[in-house]
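Computed from a predicted model, the values in this text were never measured in an experiment. Residue numbers start from 1 in every chain, and the chains themselves are labelled A, B, ... in the order their sequence lines are given, proteins ahead of strands. Side chains included, hydrogens not; waters and symmetry mates left out as well; all remaining heavy atoms used.
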Amino acid sequence: MTKLGQWLCGLALLGSAWAALALAPPGLQPPAPLRQALLPLPVYLLVAFGCYSLATVGYRLATFNDCEEAAAELQEHIKAARADLRRRGLRL
Amino acid sequence: RYSGIDFEIIIIDDGSPDGTQEVAQQLEKIYGSDKILLRPRAKKLGLGTAYIHGMKYATGNFIVIMDADLSHHPKFIPEFIRKQKEGNFDIVSGTRYKGNGGVYGWDLKRKLISRGANFLTQVLLRPGASDLTGSFRLYRKEVLQKLMEKCVSKGYVFQMEMIVRARQMGFTIGEVPISFVDRVYGESKLGGNEIVSFLKGLLTLFATT
């Protein structure tokens, strides 16, 4: 199954469970407090995911390694390689 | 030479106007044509076809793909090899996002785009690898051949598709943190066009794999 397929199945499952409980006809309704919490749940989850995303990307951005030593080392290696190649007869 | 590892270098140049061919030819004379294999192409073709073209001449059991502009440092190759032996991996992927991997030469905006795109990719594709758009990787030769038959995308998405398809086909992937030093020569640009085509490619992979 494709990732899209997995998402659609998952959403369909959760969506129908939520609809069955939250939008049930008067005879089959779960108790009032449960219904009050259930109704806005999808929006809450969306917002929670949004916050998680921002926090995660923000954290990863802040901890993105800056390879200063690697850049400096590379310059050294380039110099050494150039000298070595020149000795072996390379002309740039 | 000193490491005891048997290797050859295959250089594929599509007629770059900066004198690459001449330098490569001199290197071939210096190190021998069993070590340096020049396989140029007449005109500028894509990266995917470059892989296919290069593979035809590869005689080893493993293939390391890397950028030739020194943003990928060869010093990581022994680490790739060590990692591959450690877990008998089919693919070893260099990652800029884990361990002490990282980048030099990117401003905040570029880093944000990179992290944001990677996060979106992780959420949608759950690929099991931390860096999907990187192009510094070690492949078992047969694995690379099989993947090239299946992959159809271009650009950044091509690198992503390789990993996603590899997972699909049951290949194992190991990771090695690498440092990516950008803009050693020339400029690094990430335009709106590339972002749009990345998103299109990501959604295509999302819907088809």
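Aromatic ring centres of B/Y51 and B/F158 lie closer together than 6.0 Å. Between B/F171 and B/F89, the ring center distance fails the sub-6.0 Å criterion. Taking the centre of each ring, B/F80 and B/F62 stay at or above the 6.0 Å mark.
The greatest number of non-hydrogen atom pairs below 4.5 Å with chain B, out of A/E69, A/K3, A/Q6, is found for A/K3. By number of non-hydrogen pairs under 4.5 angstrom with chain A, the leading residue of B/R126, B/Q168, B/R96, B/E22 is B/R126.
B/T208 touches chain A through its backbone: at least one of N, CA, C or O sits under 4.5 Å from a heavy atom, while the side chain does not. Proximity to chain A (any heavy atom under 4.5 Å) is shown, for B/L112, by both the backbone and the side chain. Interface residue B/V123: backbone and side-chain heavy atoms are both found under 4.5 Å from chain A. Heavy atoms closer than 4.5 Å to chain A are found in both the backbone and the side chain of B/L27. In this structure, the portion of A/F49 lying under 4.5 Å from any heavy atom of chain B is its side chain and not its backbone. Only the side chain of B/K75 comes within less than 4.5 Å of a heavy atom in chain A; its backbone stays farther off.
The backbone N or O of B/D67 sits less than 3.5 Å from a side-chain atom of B/H72, completing a donor-acceptor pair. Of the possible donor and acceptor atoms, none in the side chain of B/D182 sits under 3.5 Å from a partner among the backbone N and O of B/G105.
Note on B/E149 versus B/K146: no salt bridge recorded, every NZ/NE/NH1/NH2 to OD/OE distance being 4.0 Å or above.
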